[in-house]
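Heads up: the structure comes next, in structure tokens.
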Amino acid sequence: MTRETRFGALAADARWQAAWDAANSFATNEGGEKPKAYILEMFPYPSGRIHMGHVRNYAMGDVLARFKRMTGHDVLHPMGWDAFGMPAENAAMEKGVHPGGWTRDNIAAMRAQLKRLGLAIDWSRELATCEPDYYGQEQALFLDMFAAGLVARKESYVNWDPVDMTVLANEQVIDGRGWRSGALVEKKKLSQWFLKITDFADDLLEGLGSLDHWPDKVRLMQENWIGKSQGLEFSFRLAGGAPGFDVFTTRPDTLFGASFAAISPDHPLAERLAKDSPELTAFIAECRRQGTSAEQLETGEKLGFDTGLAVEHPLDPDWHLPVWVVNYVLMDYGTGAIFGCPAHDQRDLDFARKYELPVHRVISQPAPAKAGGDETGQVFHGDEAYVGPGRLVNSHFLDGMTVDEAKAAIIARAEHEGWGKGTTVWRLRDWGVSRQRYWGTPIPFIHCPACGLVPVPKSQLPVVLPEDADFSVPGNPLDRHPTWKHVACPSCGGEAVRETDTLDTFVDSSWYFLRFASAPADKPFDPEVIRRWLPVDQYIGGIEHAILHLLYARFWTRALNKLGMIDIKEPFASLFTQGMVTHETYSRAQGEGLPPLFFTPDEINRSADGATLDADGAPVTVGRVIKMSKSKKNVVDPDAILDQYGADAARWFMLSDSPPERDLPWSEAGIEGAWRFVQRLWRIFGETGNVGDGGEDKPLARKLHQAIAGVAADVEALGFNKAVAKIHALANEIEKAKPSATRAEACRTLILLVAPMMPHLAEEAWAALPEAQRSTAMVADAAWPIADPALLVEDEVTIVFQVNGKRRDEELLPKDAPREIVEERALANTNVQAHVAGATPKKVIVVPNRLVNIVI
RNA sequence: GCGGACGUGGCGAAAUCGGUAGACGCAGCAGACUUAAAAUCUGCCAUCCUCUGGAUAUGCGGGUUCAAGUCCCGCCGUCCGCACCA
């Protein structure tokens, strides 16, 4: 074929995407003998259009998947859709479309966009969580978990929006109001479905230790989220001996510093007392109203209500502590009640100073400034609690002990005397999965007046969503559907109703990676096949899923392990969290009190020293480089980029310059540069037949083989920016070199080196090679080149000569030259001699193959 | 408030083990080719000086070391997560 002087990216993209499809190039080799590699990027929500963040995410995963194929692995690289969720229902309410139609249209549009990127994906495994063949199996798993005691129904307070008639997540409550309706949110007690993730709290925490290939940041975030605290739980008796309430503390050592007891406004005792006290009722209402506002947390004002009750100190029944209801004690942590030790807890101190309660020191504290010795006086001064280490004081039998010794002593005594016990408290809550929503997985249960709660028999799965739902009024369309929920009880045959709650969409994404590996029609997955593919070898996605999604998926995997369905406990052997794609903003101030007016990059003419608006030619303000977002209009549409530059330039730019875990600033100049490099490679690939006088070029051969090894190591470590730099450097070397057999060979090898990143260009160049020079018909099936170890090392190295640690000269010497020779050359060097100036060296340090440092 | 990460040219960055700071790219400058433009190619590109050399430079101040972007201590700044968690 005749060779074009320019690479026609658009035609090549289409041609090779069709060729891979036709050859079924990326089908998973199910029963293969090679080592497996399961490469997975977090599946997208089908919002309607892909954005640059998707392009970056899938470009990275694709490079790895293609590289693994080239290096002798059976690769599983699938794609699917996290297709349930609120936006579809909002669209239904706003535009009158059906959530299912809206979602499936979006999937079709985004699938077409993704395919234009030329991803090496096994599309035969595509799944969408909104289809019954997926969520029906999820219902089966939910029933299995129910049978194993991992599902619970509990009464729980929820944020209830009285206008939209729905439960809101905490993050949907803004300053006490619903984010959509603006209505004041009520706390409402509802019967909700829970998954018992707290059963695995310790195991989930322990397991983090084994995840060596996860970012420390993510492990730490999960650790904090699980929040393990060890301490003492004990009972207060009311003064006079009547049963009181339980409290939890991590500082039992400070028990002799107690000056009050405090309970949460939501504590049952507070609610009981409120029945006879309008003032307390009003106080509790005030606390609940303020509890959700952010400014309340910031100012941190401590509010209390003295109940008039008192409790006995557990170590001295004659010592009575007043009982307060306070706004900073949370009902859903510990027991919802505490004892207050103001000297050694900042919140308690703030509270005690405000309400003039006693403040007793029980831990000695280093005295400030010169005074010397420790502060041990019982009266505690100042507004800063002391939380550091020290010895116990003013504490009877504990005096002189360290904090840790005192904790152990108190716990031992409490357990001996029977008024308390050492215990562990978790921050992690059970996972509430009920949503009063239509567009989610129906929870497969039936409420029967005679039999109670009855699981839907597996033979009747899937419980399919009704198509004819009504979205014209707020509330749950399933609940008011005229017929759907009315069914016969599977147990007694009497009239019964379906559960109308649906599952949180995080449930859908907690096991999709299993279904990708194995998707039989009659069960969730085949354990044998799971054994071959799981765990996922490399998982790639955004840091925003560091806690919830990844924790839920880890929990779900453990739960299935407990059920005996899978062997593994950790689903993702290696995790990578990639940075965002960012862009400058362009705006103009609109005057006092008005928000600035933003412009899209399309409307702007950007030059080196500023930017102007195309419409009027006048300048605009160039703002900070921030995450692409619709509100700031700093978005770039991938389709437009693909139309203009093709997939390879877009992929290349996504991988260049910025380390993948860091943010990538998008720029017009950057994509232009990537485009120019694509063309430059095309010209280099045109030199594959140019052998010149046919000779060998040893230095170039070294560069080539160093690049083969270096690029492989970088890609393996996800250091794509470094791999890109090495390819650039090799291209520079090839262009500088005179034509030779080595150079022609380097040009051919370069095709393979860029193939994972620029697959269309690589195929096009490969196809132009004479058949004898191609190992396979397509690059997609070619092997990664083998680096010759003999060529990886130089035979000459640059040795730096330093005098007193400062670089004075350098010389090219044979590699591994003996120390004496190197030292001799350094001392003989004229620049060195000038700085040594005849002095006798005190010491000469020789670092082999690197430098000589002469100390005078 | 608690926890964490980061700070290197005009910009994105590299320096894998304490051993040449700034590879590679972007932008810029000068030149070649061209009627011209685009494309392409060549060279320059941290700062300062008394310029075949030298001094200063990895947020700031100390320290360890023959040698520090890298290790230690103390500040400053930016970003992120959690947040009245007892």
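Naming: A, B, ... by sequence-line order, numbering from 1 per chain.
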Matching residue for A/W324 among A/F260, A/F351, A/F305, A/F339 - test: ring pair (Phe, Tyr, Trp, His ring centres under 6.0 Å): A/F351
Atom pair distance, as rounded to whole Å: CD in A/E223 and C1' in B/G3: 10 Å
Nearest-neighbour nucleotide for the A/S658 side chain, B/G12, B/A86, B/C82 considered: B/G12
Gap between atoms NZ and P, on A/K842 and B/A67 respectively (whole Å): 11 Å
OP1 or OP2 of B/A5 under 4.0 Å from side-chain N/O of A/R219: no
Over all atoms of both residues, closest heavy-atom pair of A/K627 and A/M580: CD-SD, 3.2 Å
side-chain N/O A/K302 vs B/A86 OP1/OP2, d < 4.0 Å: no
Give me, pair by pair, the N or O atoms of the protein and of nucleotides 44-47 of chain B that are less than 3.5 Å apart, along with how far apart they are.
none

Nearest-0.5 Å distance, CD of residue A/Q833 to CG of residue A/N829: 7.5 Å
Among B/C24, B/U40, B/A86, the nucleotide that comes nearest once only the side chain of A/N732 is considered: B/C24
is_close_aromatic(A/F653, A/W666), centroid dist under 6.0 Å: yes
Short side-chain N/O contact from A/N831 to OP1 or OP2 of B/G53, under 4.0 Å: no
d(NE2, A/H583; C1', B/G12) in whole Å: 14 Å
Closest-nucleotide 5' rank along RNA chain B - winner of A/K722 and A/P665: A/P665
Gap in Å between the two P atoms, one belonging to B/G54 and one to B/A21, rounded: 13 Å
Between A/H360 and A/F380, ring centroids under 6.0 Å: no
Sugar-phosphate only, base, or nothing, as touched by A/L220 at under 4.0 Å among non-hydrogen atoms: sugar-phosphate
Whichever of A/K726 and A/R807 has its nearest RNA chain B nucleotide further upstream toward 5': A/K726
Ring geometry between A/H267 and A/F245 (parallel below 30°, tilted from 30 to 60°, perpendicular above 60°): perpendicular
Lys/Arg-Asp/Glu bridge criterion (N-O < 4.0 Å) met for A/D350, A/R347: no
B/U40 OP1/OP2 closer than 4.0 Å to side-chain N/O of A/R680: no
Whole-Å C1' distance, B/G77 and B/U8: 16 Å
Per A/T249 side chain, nearest of listed nucleotides B/U20, B/A86, B/C84: B/A86
Pairing string, 5' to 3', for RNA chain B - Watson-Crick or wobble contacts under 3.5 Å, brackets [ ] where pairs cross, | to another strand: (((((((..(((......[....))).(((((.......))))).((((...))))..(((((..]....))))))))))))....
Heavy-atom pair with the smallest gap, counting every atom of A/R429 and A/T198: C-CG2, 3.6 Å
Nucleotide nearest A/H728 (side chain, heavy atoms from C-beta), chosen from B/A86, B/U20, B/C24: B/C24
Separation of atom CG in A/N721 from atom C1' in B/G22, rounded to whole Å: 15 Å
Over all atoms of both residues, closest heavy-atom pair of A/F256 and A/V362: C-CG1, 3.7 Å
Closest nucleotide among B/A27, B/C41, B/A13 to the A/R676 side chain: B/A27
B/C85 OP1/OP2 closer than 4.0 Å to side-chain N/O of A/R251: no
Length of the line joining A/K843:NZ and B/U65:C1', which is rounded to integer Å: 9 Å
Separation of the P atoms in B/U42 and B/U47, to the nearest angstrom: 24 Å
Residue-phosphate contact under 4.0 Å: A/N224 side-chain N/O, B/A83 OP1/OP2: no
Sugar-phosphate only, base, or nothing, as touched by A/Q346 at under 4.0 Å among non-hydrogen atoms: nothing
Within 45° cone of A/W682 ring axis and under 6.0 Å: A/R6 NZ or CZ: no
Touch class at under 4.0 angstrom, heavy-atom based, for A/D216 against every strand present: nothing
Sugar-phosphate only, base, or nothing, as touched by A/V329 at under 4.0 Å among non-hydrogen atoms: base
A/H344 side chain near B/A86 phosphate (N/O to OP1/OP2, under 4.0 Å): no
Separation of B/C66 P from A/E823 CD (nearest whole Å): 17 Å
Sugar-phosphate only, base, or nothing, as touched by A/V855 at under 4.0 Å among non-hydrogen atoms: sugar-phosphate
Between C1' of B/G53 and NZ of A/K806, the distance in whole Å: 15 Å
B/G12: syn or anti, per glycosidic angle within 90° of 0: anti
Under 4.0 angstrom between A/R808 side-chain N/O and B/U20 OP1 or OP2: no
Nearest to side-chain heavy atoms of A/F248, which nucleotide of B/A14, B/A86, B/A23: B/A86
Residues A/E794 and A/R702 bridged, charged N to O under 4.0 Å: yes
B/G9 to B/A14 separation - C1' atoms, rounded to the nearest Å: 13 Å
Per A/Q802 side chain, nearest of listed nucleotides B/A83, B/A39, B/U20: B/U20
Integer angstrom distance from the P of B/G7 to that of B/A13: 10 Å
Shortest side-chain distance from A/E810, nucleotide among B/G12, B/C66, B/U20: B/U20
A/T335 side chain near B/A86 phosphate (N/O to OP1/OP2, under 4.0 Å): no
Rounded distance [0.5 Å steps], OH in A/Y386 versus NE2 in A/H344: 9.0 Å
Sugar-phosphate, base or nothing in reach of A/D345, heavy atoms under 4.0 Å: nothing
Syn-anti status, with the boundary at 90° from 0, for the nucleotide B/C66: anti
Nearest-0.5 Å distance that lies between atom CG in A/L851 and atom CD in A/E810: 11.5 Å
Side-chain heavy-atom pair A/V844, A/I854 within 4.5 angstrom cut-off: yes
Integer-rounded Å distance: B/A23 C1' and A/K703 NZ: 12 Å
A/R427, nearest nucleotide to its side chain (from B/A86, B/U56, B/C82): B/C82
Closest nucleotide among B/A86, B/G12, B/C66 to the A/Y333 side chain: B/A86
Torsion-based syn/anti label for B/C60, 90° from 0 as limit: anti
